[in-house]
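Every chain is numbered from 1, with letters handed out A, B, ... down the list of sequences.
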2 protein chains.
Amino acid sequence: MNPLSSPDVLGGSDAASPSRRELNKAATRRAIATAALGLLRDKGVGQFTVEDIAAAAGISRRTFFNYYSSFEAAMASVADGFLDRALEQFRLRPASEPVLESAQAALMALADPATIAPMAEFFSLTQESPSLARSELEAWDHCTSQIIDAARERLGPRANELYLRALAGSVISCGKAAMTVWFEESDSDLSPASLTRLRQYLIDAMGLLGSGFASQTAPTTLPATHPSDSTSSTTERF
Amino acid sequence: MNPLSSPDVLGGSDAASPSRRELNKAATRRAIATAALGLLRDKGVGQFTVEDIAAAAGISRRTFFNYYSSFEAAMASVADGFLDRALEQFRLRPASEPVLESAQAALMALADPATIAPMAEFFSLTQESPSLARSELEAWDHCTSQIIDAARERLGPRANELYLRALAGSVISCGKAAMTVWFEESDSDLSPASLTRLRQYLIDAMGLLGSGFASQTAPTTLPATHPSDSTSSTTERF
DNA sequence: CCTTAACTTGCGCAGCGTGCAAAATTGCAC
DNA sequence: GTGCAATTTTGCACGCTGCGCAAGTTAAGG
């Protein structure tokens, strides 16, 4: 029946085994996520049911729940897919590189039109739906866990747990802060100039983290409340 | 009827107006949260319904939903109450103090037996319930928003938004990391010695943040992360 | 071809979350 | 106190969720 039924050439047990079943399941997962995102776009948040998603994906309602335990879970998988790209980049960095630099480089990979487009859409939807906001939180948290694992792997199993968690959490927080600020000020603007700004935010955020948010400790006497002002941002402004 | 019905002495329009109705609602809120926590303790997670909580709190199922939109929301309010204590402390710190020091002092207030007891219980339940884990995430996120507001208020409205968000997020992440590590290693041990360790973790985490997680870039001597040393891990390990 | 395991589907059911309107409670002025 | 108005509680109904179960359907392998 199927022209591709021959066993995989590699027969690898370690790597992914692209059996027909696995492929189908992966395809179904993607179909569900795509259908859900599409309905979100077309009908708006809360204006459709799981049954609608299932219909759009060409499966039954029951099968939907075989793949995702809830609509939120399906959405979280979208965000996860986005953040996983950063994870992937992080793992590719040389182990000798300082973690913060690796993180910065990894986050930089997100400032790519094709990569960030779905996330930007997700972000905008997040603003108006507590349910999606929670999905986003979960995704960031999931990413944090992954970073912790990756960093532990890099630094060795005897790495200080507090150090690992504090660092990973802070890195993610800063990445999130950069994306939030970027998104709030340039609503889904994916132009090259806008993406350049996002990159700069990511760099700035990592810089702040690396310097211990030091802008305040230096000037022992705080300089009143008058800055040189200006609309721009580069000044740390206390 | 009520011996306390006289109008509040302050007559403040801005402050909370403790009218009888408000007091009753607050009492109901507390009753619900208490009942929910009690059932969680007695029956275990997922072994009871909203109707059970309502019965335990002496109200109807419908009224429960007048106060909380879900069981998770009720649980998040518990965690919020805990973290709000830290917020309160933060706002009490002098505005001239560096933010990181204020944050450290505020977090220190959490390492108090009476304060942390409910949270420790909440934490332990969190481990075995994705639903409660999400409530916890929401609580941390809520706290982050509050910190951002508080810091913005302190630094002036013209503060760099990226700086604010990155700093607040990192502070919370580090506080969370300290509590997580503490909780994982001393399961709900509220002894003075254990709480001292928690305080040290909080101090260490803030120290890491303030020094930009510098242990790898330059061994310039990190600011005394050695308490008197302890069981093992204090070495930064890379 | 036939068997086994994995996956899908329909069905049923307990529980969730909410709109609605009646009933109870509270605050306030007379 | 009595009555009125505003607020809160409650029961009811309804659609949706999430899951167990068992029967169908499809891939994998002898």
Side-chain angles (χ1 to χ4, degrees), chain A residues 1-9 11 13 17-32 35-36 39-40 43-76 129-132 134-135, chain B residues 1-8 11 17-32 35-36 39-40 43-76 129-132 134-135:
Chain A
M1 262 269 185
N2 52 356
L4 299 173
S5 63
S6 63
D8 50 328
V9 189
S13 58
S17 62
S19 79
R20 191 48 167 259
R21 282 202 152 105
E22 299 300 327
L23 290 178
N24 284 343
K25 292 187 73 167
T28 302
R29 281 192 104 78
R30 255 180 287 113
I32 293 176
L39 284 186
L40 215 42
K43 298 195 162 188
V45 47
Q47 300 305 301
F48 56 94
T49 72
V50 167
E51 189 140 21
D52 296 328
I53 302 175
I59 58 173
S60 73
R61 193 180 80 96
R62 190 61 185 82
T63 300
F64 173 93
F65 287 110
N66 284 346
Y67 283 88
Y68 297 105
S69 61
S70 67
F71 168 65
E72 294 181 29
M75 285 301 96
S129 163
S131 151
L132 288 181
R134 271 182 298 166
S135 297
Chain B
M1 264 263 187
N2 51 358
L4 299 173
S5 64
S6 62
D8 50 327
S17 61
S19 79
R20 192 45 169 262
R21 282 200 152 106
E22 297 299 327
L23 290 178
N24 284 344
K25 292 187 74 168
T28 302
R29 281 192 104 79
R30 255 178 288 113
I32 293 176
L39 284 187
L40 214 43
K43 298 196 163 187
V45 48
Q47 299 306 301
F48 56 94
T49 73
V50 168
E51 190 141 21
D52 296 328
I53 303 176
I59 57 172
S60 73
R61 192 180 82 97
R62 190 61 184 81
T63 300
F64 172 93
F65 287 110
N66 283 347
Y67 283 86
Y68 296 105
S69 62
S70 67
F71 167 66
E72 294 182 29
M75 286 300 96
S129 164
S131 151
L132 288 181
R134 268 182 300 166
S135 296

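Side-chain contact between A:Phe71 and A:Thr49 is absent, with no heavy atoms from C-beta onward closer than 4.5 Å. Between A:Leu40 and A:Leu132 the shortest side-chain heavy-atom distance falls below 4.5 Å.
With sequence neighbours excluded, the residues that form a side-chain hydrogen bond (donor to acceptor under 3.5 Å, both in side chains) with B:Tyr68 are B:Ser77.
For the OP1/OP2 pair of C:dT8 and a distance below 4.0 Å, the side-chain nitrogens and oxygens of A:Thr63 include no atom meeting the criterion.
Spacing between atom CG of A:Asn24 and atom P of C:dC7 amounts to 10 Å, rounded to whole angstrom units. Taking atom OH on A:Tyr67 and atom C1' on C:dC7, their separation rounds to 7 Å, with Å as the unit. Across the protein-nucleic acid pair, B:Leu23 atom CG and C:dT26 atom C1' stand 13 Å apart, rounded to whole Å. Regarding B:Lys25, its NZ atom lies at a distance of 13 Å from the P atom of C:dG27, rounded to whole Å. Between B:Ile59 atom CD1 and D:dT10 atom C1' there is a gap of 11 Å when expressed in whole angstrom units. Summarising the geometry, the separation between CZ on B:Arg29 and P on D:dT8 is reported as 12 Å, rounded to the nearest angstrom.
No donor-acceptor pair closer than 3.5 Å links the side chain of A:Arg61 to the backbone N or O of A:Ala54.
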- Assign a letter to each nucleotide of nucleotides 13-20 of chain C from its 5' end: B, base within under 4.0 Å of a protein heavy atom; S, sugar-phosphate only; -, no contact. --SBBBBB
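Ranking D:dA27, C:dT26, D:dT8 by closeness to the A:Arg21 side chain, first place goes to D:dA27.
If you take CD1 on B:Ile32 and CZ on B:Arg30, they are separated by 11.5 Å, rounding to the nearest 0.5 Å.
Across all non-hydrogen atoms, the minimal contact from A:Ile59 to A:Thr28 is CG2-CG2, 4.3 Å.
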